[in-house]
Amino acid sequence: MVTLQQRSAPRWTAVLLLWTALCSLFLPAVSVKHENFKTCDQSGFCKRNRAFADDVTASSSFLSPYALDPTTLKFKDGQLDAVVLKTIKNGQEKVQLPLTVTFLESGVARVTLDEAKRQKGDIDLRHDSKARKERYNEAGKWALVGGLKTSSGAALAEAADAGYTKVVYGKGSKHQAIIRHVPFSIEFQRDGETQVKFNERGFLNLEHWRAKAEKPKEEPKEGEENKEDQKVEEEQGEDESTWWDESFGGNTDTKPRGPEAISLDISFPGYAHVFGIPEHATRLSLKTTRGGDDAYTEPYRLYNADVFEYEMDSPMTLYGAIPFMQAHRKGSTVGVFWLNAAETWIDVTKKKNTANPLALGVEGHTDTQTHWMSESGLLDVFVFLGPTPQDLTRQYGELTGYTAMPQSFAIAYHQCRWNYVTDEDVKDVDRRFDKFNIPYDVIWLDIEYTHEKEYFTWDPLTFVDPISMQQQLDKRDRKLVAIIDPHIKNTNNYPIIDELKKKDLAVKNKDGNQYEGWCWPGSSMWVDCFNPAAIDWWKGLFKYDKFKGSAYNTFIWNDMNEPSVFNGPETTMPKDNLHHGNWEHRDVHNVNGMTFHNATYQALIERKKGELRRPFVLTRAFYSGSQRSAAMWTGDNQADWPHLEASLPMILNQGISGFPFAGADVGGFFGNPSKELLTRWYQAGIYYPFFRGHAHIDTRRREPYIPGSPYTEIITQALRLRYQLLPAWYTAFHEAHTTGAPIVRPNFYIHPDDEAGFAIDDQLYIGSTGLLAKPVTKEGADSVSVYLADDQPYFDYFDYTTYSGKGQHIVPAPLNKIPLLMRGGHIIPRRDRPRRSSGLMKYDPFTLVVVLDKDGNAAGTLYVDDGETFDYQGGAFIHRRFSFDGKRNILTSSNLDTSTIRTVRYEKYAKSMAKVRVEKVIIVGAPSVWKDKDEVIVMEEGSKESKRRKPVPLEYYAADGKKAAYAVIRDPSVGIGRGWKIDFGGANAGPHDHHGHEH
């Protein structure tokens with residue numbers, strides 16, 4: 001939601017809304033207020049470290065002051081410990097920095113650098129601060145859940161050059177970490193080739209603790225009192241102007257620990273593309289940040305903030321932060337995860353190395369060089385050496401957790417606006433969806449449902465009977481999502497705030513008193529979910545007897561959890577606020593939102609004893625690990641074409657960065673989309689893993705039934721396509737849940753050796769299905785250019801038109817057409833019967849679309865469970881592999897469930913699904929030799945002897961121009977959870993007469 005003035009007095013609401021509406025008729029759209037957010041030059045530590053990097057680069061004689069003391073080296077059980085010494089005061093003093101390099105069983109390496117003086121608490125805090133003295137070392141407590149087992153095979157290499165230490169590690173000991181002692185740096189190699197370098201350029205800078213030296217004021221000499229423009233020779237030294245305090249937007253940060261930033265240059269030699277570090281409204285392949293053609297001048301910033309109407313093509317911070325970057329080139333993907341929860345900036349530059357004409361066989365290449373800067377905390381970096389994109393997402397997921405398996409309703413369509421104004425309004429919208437036969441699963445309530453912005457309450461005048469409202473939704477197996485934010489209204493006669501204060505569970509100000517700020521309710525306090533006692537209290541608030549009016553089909557939206565504070569610096573909390581354990585807010589800022597939605601997730605699990613169902617929580621703020629308990633969306637976008645276009649690379653970036661349950665507000669939050677834009681946005685939104693239409697309070701209503709013919713029919717067609725493909729989407733979610741793979745995937749992830757496609761970010765693949773979508777994002781377009789990365793045949797999803805050959809292909813896309821291709825070699829599961837919600841599809845039969853590749857083969861998977869409980873963890877699921885063998889002309893279904901024990905939960909689930917069958921099989925690109933075939937033989941395990949070889953009719957449709965031949969088997973009557981074969985028989989065909997499509 002957008003940051004505006006307080007809106008707590010109901011009698012003024014109508015007046016304010018009328019005034020806003022009138023103003024909107026005459027005023028241009030408001031865009032992001034840049035003056036509310038810092039640039040690097042206005043962020044003291046960023047400015048200092050950028051200047052330091054510039055000075056180092058400009059100097060020919062600079063020597064990094066960091067050196068590893070070889071006498072402190074120890075190596076045991078996959079871990080290297082040492083001390084790095086930072087030389088200061090012209091060599092007169094050395095600062096001890098404990099170094100740990102841990103080599104993990106997964107092949108990942110972890111490098112941490114701390115500061116002994118702060119570690120021991122041997123520093124003095126200014127202003128009698130109660131803050132912790134150590135560098136913040138608990139980010140991993142919130143972000144990491146596994147993958148930390150040390151490698152038993154890692155070992156010190158005996159052969160290392162003087163002044164170096166070498167460790168071999170990873171599978172087959174193919175990885176090496178080469179640590180240079182003076183100046184300190186690390187190279188990470190795979191198969192003898194350097195992939196990642198630390199401190200290659202000498203930008204390592206850990207701001208050590210130092211006492212503030214108060215400089216005495218000198219009295220002016222006689223006769224010099226009024227002398228102007230006097231040049232004072234000052235001792236050359238570091239810029240201390242932001243060491244001890246820093247002001248911005250009328251707020252002063254007191255910095256009781258002084259300067260404590262960390263920075264490091266990380267280079268990727270030979271890599272021209274880097275991806276990741278969301279959330280930014282940028283392209284997938286990250287631009288450079290030090291000026292030049294098509295480059296930014298600001299670094300990418302990670303500092304979760306309430307940025308409404310954000311601008312396009314900008315490295316400016318947004319709502320979430322995932323400090324995980326991947327570098328990619330042909331044949332290799334590597335990456336780093338910068339585990340730090342403080343404000344962080346990242347510069348990206350590229351160095352082109354031209355080929356030497358005298359060096360035969362040596363080609364030119366590009367190195368990507370990055371510079372990471374964080375305000376506080378440890379230097380704590382994980383290094384991934386791949387070599388594939390799949391390796392990186394899996395290893396990152398092992399560390400931070402995989403995407404939670406959602407309830408099935410959560411991946412269907414969500415209908416939202418700020419606000420549905422009464423419970424009768426909600427019921428009316430629900431009825432209208434049914435009247436127009438438009439499917440949807442969830443309707444949402446923004447803040448206006450509450451009594452005067454008091455969470456866990458209902459407005460007694462407008463939401464008179466919330467239970468009746470939810471009962472109506474439940475008749476169609478639909479759900480309600482209600483918003484609950486972390487700011488608690490500070491008012492009288494409100495038991496929630498009374499408990500928060502009495503139990504002392506709110507965030508504190510720098511003096512240790514409960515912090516009071518301003519948000520939607522006016523004066524507010526913020527629950528501190530770093531505190532275990534606060535989490536326990538929060539969980540109790542969601543129990544049905546506490547949150548009266550909520551029901552088992554009520555789920556939760558956590559907004560404003562950056563946290564958004566209307567009167568705070570950069571619309572957030574002061575950095576010198578204190579959290580549980582007396583950690584400063586500066587240390588934990590980017591993790592803050594995750595602690596809140598984690599607590600809400602736990603609360604939904606525990607709201608009723610014995611009711612164990614998967615929660616659904618939507619969050620705006622996020623960090624590495626948020627994927628374990630929430631979905632996200634890209635925040636307060638605008639109803640314009642550039643925001644539609646930007647949503648695709650933003651969501652793709654979320655996927656490869658470990659948080660794939662992502663979406664954008666369909667139609668745009670601010671403003672009124674044209675009917676064409678709204679229609680095209682729905683056609684794009686069906687490819688968002690999280691699919692929700694949402695709109696601002698000042699916009700016109702825009703539910704899918706509002707635009708009228710032909711737009712309503714076209715939008716309905718798009719929604720039905722999403723519902724038809726829910727089995728494929730659910731299978732993709734299961735893959736994300738078990739392997740860390742993205743749900744929607746960019747070209748480089750599917751085709752990692754296709755250099756021409758590395759930067760493509762306007763088209764996407766859905767899971768492992770082979771479905772390739774290219775949404776229309778340009779006004780007035782009636783076609784799109786789709787890039788094909790290989791020589792497999794691709795078929796139009798609707799009419800089987802064939803496209804083949806690597807490169808760009810023009811695909812027609814009039815307003816009523818959704819550009820969607822099927823890549824040869826895949827089998828796509830779907831459900832074809834239109835229903836009003838996904839819950840009503842639970843026992844519907846399946847259709848399998850078998851899309852043959854150039855060799856006549858295809859394969860695919862299907863994952864199904866009850867879509868609601870955690871019983872799948874006890875084996876209650878169906879996981880099948882379908883494969884078509886072109887040589888044998890046989891389609892088979894085999895079991896992917898490798899467990900040998902059949903649990904009670906499995907037996908119960910299997911029984912409930914026993915009658916769910918495959919009702920149709922479509923073979924696209926069917927061989928021409930089938931044209932005279934009129935039946936196939938179906939064999940199913942467990943069938944009676946007389947039905948073991950059952951003939952079933954086959955219908956063959958010949959190729960028509962570019963439209964491929966296809967065959968249909970209607971009602972083979974095989975169980976979706978059983979093993980079976982369909983034998984198409986016939987002699988083997990040659991490669992060119994086997995398929996019914998043109999090459």
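Computed from a predicted model, the values in this text were never measured in an experiment. Only heavy atoms go into these numbers, but all of them, side chains included; no hydrogens, no water, no symmetry mates.
- Checked against a 6.0 Å centroid threshold, the rings of F382 and Y396 do not count as neighbours.
- Geometrically, K38 does not engage F45 in a cation-pi contact defined by less than 6.0 Å to the ring centre and at most 45° from the axis.
- Salt bridge status for K197 with D265: absent, with no side-chain N to carboxylate O gap under 4.0 Å.
- Taking the six-membered ring for Trp and the full ring otherwise, F758 and H328 have centroids separated by under 6.0 Å.
- Close placement of the W142 and F530 rings is indicated, their centers lying within 6.0 Å of each other.
- Of the possible polar contacts, one joining the R628 side chain to the A143 backbone as a donor-acceptor pair under 3.5 Å is found.
- Between F184 and F198, a ring centre-to-centre spacing not shorter than 6.0 Å is recorded.
- The aromatic rings of Y300 and Y296 sit perpendicular, their planes meeting at an angle over 60°, well past the 30° parallel limit.
- The ring of Y319 has its center no closer than 6.0 angstrom to the ring center of F622.
- With respect to R110, the side chain to side chain donor-acceptor pair (under 3.5 Å) criterion is satisfied by exactly one of D380, T102, T150: D380.
- Put simply, the side chain of D576 gets close to the backbone of T254: a donor and an acceptor are under 3.5 Å apart.
- Salt-bridge formation is detected for the pair R48/E207: a Lys NZ or Arg NE/NH1/NH2 atom is positioned less than 4.0 Å from an Asp or Glu carboxylate oxygen.
- Put simply, the side chain of Y271 never gets that close to the backbone of Q195: no donor and acceptor are under 3.5 Å apart.
- Side-chain N or O atoms of Q627 include one that pairs as donor or acceptor with a backbone N or O of G625 at under 3.5 Å.
- Using bins of under 30°, 30° to 60° and over 60° for the plane-to-plane angle, the ring pair F103/F75 lands in the tilted bin.
- Between the side chain of K47 and the main chain of T242, no donor-acceptor pair closer than 3.5 Å is present.
- The backbone N or O of N653 lies less than 3.5 Å from a partner atom in the side chain of S657, making a donor-acceptor pair.
- Y623 approaches W338 most closely through the heavy-atom pair OH-O, 3.9 Å.
- Side chains of R329 and T366: no donor on one and acceptor on the other come within 3.5 Å.
- A salt bridge links E115 with R135: the distance from a Lys NZ or Arg NE/NH1/NH2 to an Asp or Glu carboxylate oxygen falls below 4.0 Å.
- One side chain, S43 or E343, offers a donor N or O that lies under 3.5 Å from an acceptor on the other.
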